[in-house]
Amino acid sequence: MGWKRKAGFGCGGLFLLILLALAGALYFGLLSPAVQLVEPGETGRRITDDGLVANYYPARRAGRQPAVLLLGGSEGGLTESGRRIATALQAEGFSVLQLSYYRAPGQPPHLERIPLEYFATSLSWLQRQPEVDPERLAVAGASKGAEAALLLAARDRRVRAVVAAAPSSVAWQGSSFDSLADFGSSWSEAGQPLEHLRFGRWLWWRDMHPILRKALATLPEHPGAAIAIERSGARVLLICGEDDRLWPSCPMARQIAERARSRGRPDVTLLAYRDAGHAVFGPPVPPGKAGTGGPYRLGGTDDGNKRARAEGWGRTLAFLRETGQIR
């Protein structure tokens with residue numbers, strides 16, 4: 001009878017395997033966001049030039065107008081929320097390139113070693129469009145998109161303005177909705193991974209906010225992971241929610257602002273909203289819609305997020321108009 005004990009797990013082990021399989025299916029099938037690749041709609045068009053995956057929304061005004069490169073967060077792809085932001089900016093006189101940088105067909109499935117050169121290519125594409133003023137380029141991003149936007153601005157002097165919502169002050173370790181692997185850097189440059197802060201494996205049953213905050217405290221040991229915002233020639237608008245429960249975006253926003261100030265870069269504006277969370281950015285929430293960002297633990301109250309969106313969006317438009325000299 002001994003061979004049976006060696007050959008199998010027994011009922012308890014089998015039950016555990018089934019339980020883990022069900023938990024994994026629940027997480028990957030229900031909790032992880034589906035990859036979206038929304039159609040551009042009547043006012044835009046799909047772009048696949050130069051290896052890009054994007055929706056483009058040209059300005060409706062005559063002449064060359066300022067342009068915005070729009071970057072989503074860790075959900076990847078081209079989302080409906082991103083399209084709403086893009087069309088709202090288009091209605092205000094901007095040309096907008098809503099860019100996917102991973103999870104779309106033909107793109108990396110995991111947020112790991114995404115080349116920063118890909119974002120530079122998108123700026124070059126924008127500069128070639130006849131309705132775009134190549135001297136008036138801005139980048140707007142939320143969460144991981146804000147991280148990428150700030151990294152790009154620190155390296156590319158073509159960026160005149162940055163809107164970074166729920167931002168990061170550092171380059172982080174990569175992650176994935178489809179794997180629990182221990183990833184390397186989220187970003188690469190010239191084929192090499194960027195120095196980054198690690199937080200270990202992203203495990204779905206753990207609350208990542210305190211884990212990331214603890215990892216952020218190790219920054220003095222890894223100073224090369226900090227985003228060198230002082231190298232940018234861009235004006236910067238930072239927007240965060242004090243109750244962000246996904247990651248410590250307001251503490252990181254303050255790190256960015258302090259780094260800029262201490263290195264002679266006073267042109268960084270920080271908007272911090274007390275009762276808002278990770279879903280702090282975008283056009284005002286329509287009546288009857290929730291402002292808390294769906295089923296994910298993003299933080300903030302419904303009213304707090306709605307107030308932040310309404311006030312922050314107006315400040316965002318004023319910031320972009322002033323930088324882009326739209327009247």
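Since this is a predicted model, take the numbers as computed values, not measurements.
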With distance as the sole test, does [X] use its side chain to make a donor-acceptor pair with the main-chain N or O of [Y] at under 3.5 Å?
{"X": "Arg309", "Y": "Gly282", "answer": "yes"}
{"X": "Glu147", "Y": "Gly141", "answer": "no"}
{"X": "Glu242", "Y": "Arg274", "answer": "no"}
{"X": "Glu135", "Y": "Asp133", "answer": "no"}
{"X": "Thr218", "Y": "Ala215", "answer": "yes"}
{"X": "Arg265", "Y": "Gly233", "answer": "no"}
{"X": "Arg64", "Y": "Val132", "answer": "yes"}
{"X": "Tyr101", "Y": "Pro108", "answer": "no"}
{"X": "Arg83", "Y": "Glu39", "answer": "yes"}
{"X": "Gln36", "Y": "Glu80", "answer": "yes"}

hydrophobic_cluster_shared for [Y] and [X], side chain cutoff 4.5 Å:
{"X": "Leu71", "Y": "Val35", "result": "no"}
{"X": "Val268", "Y": "Leu152", "result": "yes"}
{"X": "Trp125", "Y": "Leu99", "result": "yes"}
{"X": "Leu194", "Y": "Phe183", "result": "no"}

Atom of [X], atom of [Y] and distance for their closest heavy-atom approach:
{"X": "Ala104", "Y": "Val53", "result": "CB-CG1, 4.0 Å"}
{"X": "Leu150", "Y": "Pro167", "result": "CD1-CB, 4.2 Å"}
{"X": "Tyr56", "Y": "Val96", "result": "CD1-O, 3.3 Å"}
{"X": "Thr43", "Y": "Pro58", "result": "O-CD, 3.7 Å"}
{"X": "Ile239", "Y": "Gly312", "result": "CD1-O, 4.3 Å"}
{"X": "Arg103", "Y": "Glu75", "result": "NH1-O, 2.7 Å"}

[atom1] of [X] to [atom2] of [Y]: how many Å apart, nearest 0.5 Å?
{"X": "Glu221", "Y": "Leu197", "atom1": "CD", "atom2": "CG", "answer": "9.5 Å"}
{"X": "Glu131", "Y": "Tyr57", "atom1": "CD", "atom2": "OH", "answer": "14.5 Å"}
{"X": "Arg84", "Y": "Thr79", "atom1": "CZ", "atom2": "OG1", "answer": "8.0 Å"}
{"X": "Ile229", "Y": "Arg231", "atom1": "CD1", "atom2": "CZ", "answer": "11.0 Å"}
{"X": "Leu70", "Y": "Ser100", "atom1": "CG", "atom2": "OG", "answer": "11.5 Å"}
{"X": "Asp244", "Y": "Met252", "atom1": "CG", "atom2": "CE", "answer": "7.5 Å"}

- Could you go through the side chain to side chain contact (heavy atoms under 4.5 Å, CB included) check for Val285 and Asn305 one step at a time? CA-CA 9 Å; Val285 179; Asn305 281 314; over 6 Å; no
With side chains defined as the heavy atoms from C-beta onward, is the minimum distance between [X] and [Y] less than 4.5 Å?
{"X": "Cys250", "Y": "Arg254", "answer": "yes"}
{"X": "Ser169", "Y": "Arg259", "answer": "no"}
{"X": "His209", "Y": "Pro248", "answer": "yes"}
{"X": "Met208", "Y": "Ile211", "answer": "yes"}
{"X": "Leu89", "Y": "Leu320", "answer": "yes"}
{"X": "Tyr118", "Y": "Leu52", "answer": "yes"}
{"X": "Val159", "Y": "Leu137", "answer": "no"}
{"X": "Leu237", "Y": "Leu271", "answer": "yes"}

Going by atom types alone, do [X] and [Y] pair a side-chain donor with an acceptor below 3.5 Å?
{"X": "Ser95", "Y": "Gln129", "result": "no"}
{"X": "Arg46", "Y": "Asn55", "result": "yes"}
{"X": "His196", "Y": "Ser186", "result": "no"}

- Task: With sequence neighbours excluded, give me every salt bridge (charged side-chain N to carboxylate O under 4.0 Å, His left out) pair touching residues 153-175.
- Result: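 Sorted result for residues 153-175: Arg155-Glu189, Asp156-Arg158.
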- Are any of the side-chain nitrogens in Asp50 or Arg128 under 4.0 Å away from the carboxylate oxygens of its partner?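 Between Arg128 and Asp50 there is a salt bridge, with a charged N closer than 4.0 Å to a carboxylate O.
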- Kindly indicate, with the supporting measurements, whether the criterion salt bridge (charged side-chain N to carboxylate O under 4.0 Å, His left out) is fulfilled by Lys144 and Glu112. CA-CA 12 Å; Lys144 292 296 286 189; Glu112 182 182 36; over 6 Å; no
- Message: Angle between ring planes, His278 versus Trp247, binned at 30° and 60°: parallel, tilted or perpendicular?
- Response: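 His278 vs Trp247 ring planes: perpendicular.
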- Step-by-step side chain to side chain contact (heavy atoms under 4.5 Å, CB included) determination, Ile114 to Phe119: CA-CA 9 Å; Ile114 306 300; Phe119 303 109; 4.3 Å; yes
- Check step by step if side chain to side chain contact (heavy atoms under 4.5 Å, CB included) holds for Ile85 and Phe281. CA-CA 9 Å; Ile85 294 172; Phe281 179 65; 3.9 Å; yes
- Message: Would you say CZ of Arg45 has more than 12 non-hydrogen atoms from neighbouring residues, nucleotides or ligands within 6.0 angstrom?
- Response: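 Atom CZ in Arg45 is crowded, with more than 12 foreign heavy atoms closer than 6.0 Å.
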- Message: As a quick check of understanding, evaluate side chain to side chain contact (heavy atoms under 4.5 Å, CB included) for Glu92 and Arg321, giving each step before the final call.
- Response: CA-CA 9 Å; Glu92 297 292 335; Arg321 286 192 189 111; 2.3 Å; yes
